[in-house]
Amino acid sequence: MSGNVILAQLFRNSDGLELAEASSVVRDTRALRVQVKQLGTRVRQQQKPTFGEKKKVSVDSDIGPYYLLFVVSGALTFVAVCERSYPKKLAMMYLEELEREFTGSHDASQVELANEPFAFQAFETFMTKTRALYADSSTQKGEMARVQSELGDVTRIMSQNVADIIDRGAKIDAVASKSDDLFAESLKFHTGAKDLRLRQLWRTYGTYAAIGGSLILLLLARFYIFV
């Protein structure tokens with residue numbers, strides 16, 4: 001896998017001030033800088049998030065043998081000029097790593113107070129070292145393999161989630177069926193228990209009730225006979 005990031009730049013969105021850059025020492029990037037500045041102005045006019053916002057927009061544009069990738073994040077724009085053979089996914093990962101590092105180590109006031117180009121030269125060291133890391137062929141292969149692995153993991157998780165939902169639906173149906181069966185059995189038990197109580201009452205008090213009834217009938221008979 002060949003290709004490289006030829007030029008990486010960081011701009012302030014409010015006025016287009018270039019804050020830092022990392023470039024290839026074997027390429028003349030002066031003409032590229034002019035084109036990047038022109039396209040960057042157009043991108044910044046279309047996207048105007050503030051420093052604290054999470055909004056992030058990527059735009060790619062072709063310039064001769066290169067392509068440009070812009071990431072607008074808050075009050076900043078990160079730009080990468082790459083050879084066409086360089087993977088765009090890898091270029092995006094490089095810019096996102098720059099964005100995470102810069103926003104994690106600098107606040108809005110530092111960006112706003114910058115009054116001259118390349119005010120963040122210390123950050124250029126990170127940009128250069130990271131660009132060299134992403135230019136290494138073994139790193140490219142490793143990062144692309146990681147991306148493919150993550151995509152595979154996402155696919156497996158989604159498939160498992162679908163299977164779990166289907167299985168959960170089947171289990172819910174089974175529970176509902178068992179609930180219906182238990183309700184029917186409880187009705188049978190209630191009816192049987194009621195009959196059992198009646199039979200038990202009859203066995204306990206039936207004899208006394210029969211004797212009492214017979215005595216009442218005899219008394220009534222005697223009353224009517226002697227009246």
Review point. Using 30° and 60° as the class limits, which term best fits the ring planes of Phe123 and His106: parallel, tilted or perpendicular?
Key: perpendicular

Check your understanding: How long is the span from the CG atom in Leu7 to the CG atom in Leu68, to the nearest 0.5 Å?
Key -> 8.0 Å

Practice item. Among Arg100, Glu99, Glu96, find the one that has a side chain to side chain contact (heavy atoms under 4.5 Å, CB included) with Ser73. Key: Glu99

Review point. Hey, are the side chains of Leu69 and Cys82 touching, using non-hydrogen atoms and a 4.5 Å cut-off?
Key: no

Exercise for review: Check the pair Phe102 / Phe120 against ring pair (Phe, Tyr, Trp, His ring centres under 6.0 Å), numbers first and verdict last.
Suggested key: CA-CA 10 Å; Phe102 189 88; Phe120 295 91; 5.1 Å; yes

Review point. Looking at side-chain heavy atoms only, is the closest gap between Leu90 and Tyr134 below 4.5 Å?
Key: yes

Review point. Hey, what do you get for CG (Leu76) to CG (Leu98), rounding to the nearest 0.5 Å?
Key: 11.5 Å

Check your understanding: Can you name the nearest heavy-atom pair linking Ser85 to Gly3, along with the distance?
Key -> OG-CA, 3.3 Å

Check your understanding: Going from CG on Asn115 to CG on Leu113, what distance comes out if it is rounded to the nearest 0.5 angstrom?
Key -> 8.0 Å

**Study point:** Donor on one side chain, acceptor on other, Tyr67 and Glu83, under 3.5 Å
**Key:** no

Point to revise | Any Phe118 side-chain heavy atom under 4.5 Å of Leu19 side chain | key: no

Point to revise | Minimum-distance pair of heavy atoms, taken over all atoms of Ala20 and Met127 | key: CB-SD, 3.7 Å

Exercise for review: Using atom types as modelled and distance alone, determine if a side-chain donor or acceptor of Asn13 lies under 3.5 Å from a backbone N or O of Gly74.
Suggested key: yes

Study note, to complete from the structure: Taken to the nearest 0.5 Å, the spacing of Leu95 CG from Phe78 CZ works out to 8.5 Å

**Study point:** Residue among Arg131, Lys37, Arg33 satisfying salt bridge (Lys or Arg N to Asp or Glu O under 4.0 Å) with Glu21
**Key:** Arg33

Check your understanding: Measuring from Gln9:CD to Phe70:CZ, what's the distance to the nearest 0.5 Å?
Key -> 8.5 Å

Exercise for review: Please tell me if the side chains of Phe11 and Leu17 come closer than 4.5 Å, counting only heavy atoms from C-beta onward.
Suggested key: no

Review point. Does any non-hydrogen side-chain atom of Leu10 lie less than 4.5 Å from one of Thr77?
Key: no

